[in-house]
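Computed from heavy atoms alone, side chains included, the values below leave out hydrogens, waters and symmetry copies.
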Amino acid sequence: MTDSSPTPDPSARAQRLRTQIRQHNYRYYILDDPAITDAEYDALMVALRELESEHPELVTPDSPTQRVGAPPDDGFAKVTHETPMLSLDNAFDADDVRAWGERIHRRLAPDHDLEAAPLAYVAEPKVDGLAVALVYQNGRLTRAATRGNGRVGEDVTSNVRALRSIPLVLPADPAALPPEITLPERLEVRGEIYFPLSDFEAMNARLEEEGKSTYVHPRNAAAGGLRQLDPAITAERPLRLFAYAVPEPAALGVTTQSGLLDALRALGLQTNPHSRRFTDLEALIAFAEGWLGRRDELDYLADGVVIKVDSLRWQNELGAVSHHPRWAVALKAPAEETTTTVERIEVRVGRTGRLVPHATLAPAQIRGVTISQATLHNEDYVVERDIREGDTVLIKRAGDVIPQVVRVLPDLRPEGTTPWTMPAICPACGEPAERAEEESDTYCVNASCPAQLQRHLEHFVARGAMDIDGLGIKLVTLFIGEGLIQGVADLFRLKPEDLEGREGFGEKRIANLMAAIDAARDRPLGRLLVGLGIRHVGGTVAGLLARRFHSIDLLAEADEEALAEVDGVGPEIASSVVAWFELPRNRSLVEELRELGVRLADPEPETRAPDDDGPQPLADKRIVLTGTLPTLTRSEARALIEQAGGKVVGSVSKKTDYLLAGENAGSKLAKAEELEVEVVDEAWLRGVVGG
DNA sequence: GATCCTCGAGTTCG
DNA sequence: CTCGAGGATC
């Protein structure tokens, strides 16, 4: 065996074994050049384990034997990502990529001579796996979290620690680390965890042999593996990671995406071996399209090719919109399509009264998932494609998720079909339906339409609105069916006696439900406004209105002009709000809710006038943010500014009052100086807002 | 008037 | 996730 000369000192011997094992992991996973057989590797592990069990005091938390720790006891803790994990903008063909290239050139051109220093890009196949964020503190893996919704993910540290392909310690091989790369105290690495296809097939073959059920999709198997409550099971799945991003790359001493990938590799993390740098976008497109056609040569599922601007400085200047960076785009592989037949087209009624045509399909498989329904959106969608009952249609899963009818195959149309038409009446209540001239949607305008009422109640109790725990679609349906409730106000009139003696309603459940309804009386105004279902008023707009008006009475009195003064509210939303409060039935609903003890106002700080948010030192000031601030994130700075009455705008112009600049400020700083805009820093902001 | 971005609403399957 | 449409900005 490799460790053939045991030293008398167990501590030194343990050290040596650990180093050997780490090096073999590194060779196996990163260099793809194993120096020993699996059996030899296992023997090293056995030796280390024996040594550690004889000398428990020698066990260190980062020892390879400690990968599988205690299973988490209940579920997974939530982790908030300090820098949100954004998704990628999609391109569906080469022209979309060209348009993206032109957009970023247009954005950078005013401030830079792009002729002299052409943009470079980095492209690599896009792995269809699970995005994760790994945190290394002083080189030790201390936390691993899933992407989740981008802002909050799940803590899967103990599971990720169980994966041999992910180093517990960085650098994995100090000798291979070039001197110019510095390991910061805290390093967050982002990447994609995936199930290699060869291993996936082997696992399925084994499961089948054992008579167990197999996995349909490698991503599900990888996700299932990561979310095992028992990390020992995770350890059996040979999941791998491609690292591709670091939220704060400056700390690593790199200036480009390609340099970042080199650094990650030098630290011992695997990166996509097919990553390539281009200065010619056309050459890159050829490369990307090449991979789209040869996806099956890869040992992982790829759903496209990721393209990024190479320069981190330019990435920084391009910035991001709310859910994707401007400096990257994913050229998506065409979604897998298949054919099926339309069994029926029916029309459903949404809570707004919108009539939505819907196709029931003969069940069809796409990538192992059975599709049996698809939305047809609106009248135009069906009529333009001339989709009829009985038709054979091409379907796909848009974004690999939402079933979509792409087009009809007219040659396969049976005899005797008739074109589909939007019904003139609401299928639920039979009242006439209306479609405004310039709109694509048809509405049932009957305010007492039972379908709308049902949807409305479901919405009222849902998360995001009044959030009544334990009250969902099922109970709403039951309560309406039994005549217990006819509108949202009736929810607050429910008494325990109404439910007693019903099947499934024990004492405990009734008490819980009553408590949940009671708790809903005290929701913030914004949530109540969401629940009321005013057209164009969702979570965001409701929050804006609540912040400005504080109470439903003041909101009800506001005219269109006053409403449109709120940033984010224009004429459409304003008129929709006014129209809602003009209806007598809505006014009386508000009165009923008031009598039933539902809170209709947000508490105001004592010293405040109704339309004052406290001191407004930055009232009407327009401020641009640039660079990295010492302690505040961009969104925190934005929140502070807005709280003080200021407005954060995207680009420097004559109308800008201040430029709030941090480190690595780029063109905005130059522009501000040119336009003689006052440049300020974080300390100034804290001073002004009294922070 | 064009362009970019954000928001609301409805959406499927496991 | 996708669609359509509203709003901000230049």
Side-chain angles (χ1 to χ4, degrees), chain A residues 87-90 92 99-100 102-104 106-107 110 149-150 213 215-217 219-221 223-224 227 303 318-326 330 332 335 347-361 363-381 395-406 436 438-441 443 452 455-456 458-459 462 464-465 529-530 533-545 563-577 622 624 647-656:
Chain A
S87 44
L88 287 172
D89 199 7
N90 291 329
F92 296 99
W100 168 80
E102 281 162 24
R103 264 201 314 276
I104 57 176
R106 220 179 308 138
R107 238 171 211 283
N149 63 13
S213 59
Y215 282 87
V216 172
H217 199 290
R219 188 182 23 173
N220 294 346
R227 300 190 76 262
D303 55 353
L318 286 164
V321 297
S322 70
H323 92 143
H324 59 256
R326 289 198 191 88
K332 298 285 278 187
V347 172
R348 300 183 179 180
V349 186
R351 76 176 160 87
T352 55
R354 201 156 112 183
L355 302 188
V356 182
H358 214 268
T360 305
L361 306 167
Q365 302 282 119
I366 297 186
R367 282 227 221 159
V369 176
T370 308
I371 308 297
S372 59
Q373 318 196 51
T375 177
L376 300 176
H377 300 293
N378 56 44
E379 182 177 10
D380 292 348
Y381 191 94
I395 61 167
K396 67 172 183 182
R397 296 221 295 159
D400 274 333
V401 181
I402 312 288
Q404 191 186 334
V405 176
V406 182
E438 64 285 5
E439 282 188 34
S440 47
D441 292 325
Y443 286 89
Q452 279 185 59
R455 294 281 112 71
H456 182 210
E458 288 165 10
H459 170 71
L529 293 177
V530 172
I534 305 168
R535 251 238 252 189
H536 303 308
V537 180
T540 307
V541 175
L544 293 173
L545 294 174
L563 286 160
E565 262 177 38
V566 177
D567 200 8
V569 176
E572 286 294 325
I573 297 176
S575 98
S576 159
V577 172
R622 300 158 80 91
V624 174
K647 189 165 160 54
V648 175
V649 294
S651 59
V652 180
S653 72
K654 278 178 297 188
K655 287 192 277 179
T656 310

Distance below 4.0 Å between A:Gln404 side-chain N/O and C:dT2 OP1 or OP2: no
Residue-phosphate contact under 4.0 Å: A:Ser372 side-chain N/O, B:dC13 OP1/OP2: yes
If I take atom [atom1] in residue [X] and atom [atom2] in nucleotide [N], what distance separates them, rounded to the nearest angstrom?
{"X": "A:Asn378", "N": "C:dG4", "atom1": "CG", "atom2": "P", "answer": "7 Å"}
{"X": "A:Arg455", "N": "B:dG10", "atom1": "CZ", "atom2": "C1'", "answer": "11 Å"}
{"X": "A:Arg219", "N": "B:dC13", "atom1": "CZ", "atom2": "P", "answer": "16 Å"}
{"X": "A:Arg348", "N": "B:dT11", "atom1": "CZ", "atom2": "P", "answer": "7 Å"}
{"X": "A:Asp380", "N": "C:dT2", "atom1": "CG", "atom2": "P", "answer": "20 Å"}
{"X": "A:Ile371", "N": "C:dC1", "atom1": "CD1", "atom2": "P", "answer": "15 Å"}
{"X": "A:Ile366", "N": "B:dG14", "atom1": "CD1", "atom2": "C1'", "answer": "16 Å"}
{"X": "A:Glu565", "N": "C:dG7", "atom1": "CD", "atom2": "P", "answer": "15 Å"}

Sidechain-backbone polar pair: A:Arg326 side chain, A:Leu318 backbone, donor-acceptor under 3.5 Å: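 Side chain of A:Arg326 to backbone of A:Leu318, a donor-acceptor pair under 3.5 Å: yes, one is there.
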Exam field: side chain A:Ser372 to backbone A:Leu361, donor-acceptor pair closer than 3.5 Å: no
Sugar-phosphate, base or nothing in reach of A:Asp567, heavy atoms under 4.0 Å: sugar-phosphate
A:Glu572 side chain, from C-beta outward: closest of C:dG6, B:dC13, C:dC1: C:dG6
Listed partners of A:His377 passing ring pair (Phe, Tyr, Trp, His ring centres under 6.0 Å), at least two apart: A:Tyr381
Under 3.5 Å side-chain donor-acceptor pair for A:Gln373 and A:Thr360: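 Per modelled atom types, A:Gln373 and A:Thr360 side chains form no pair under 3.5 Å.
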Pair A:Arg348, A:His358: side-chain N/O donor-acceptor within cut-off below 3.5 Å: yes
DNA chain B: 5'-proximal contact among A:Asn220 and A:Gly353 (nearest heavy atom):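 Taking each residue's closest nucleotide, the earlier one in sequence belongs to A:Gly353.
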Heavy-atom closest pair, residues A:Arg351 and A:Gly533: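 Smallest interatomic distance, heavy atoms only, reads NH1-CA, 3.6 Å.
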Atom of A:Leu88, atom of A:Ala330 and distance for their closest heavy-atom approach: CD1-CB, 4.0 Å
Footprint string (nucleotides 2-9 of chain B, 5' to 3'): B base within contact, S backbone only, - free, heavy atoms under 4.0 Å: --SSSSSS
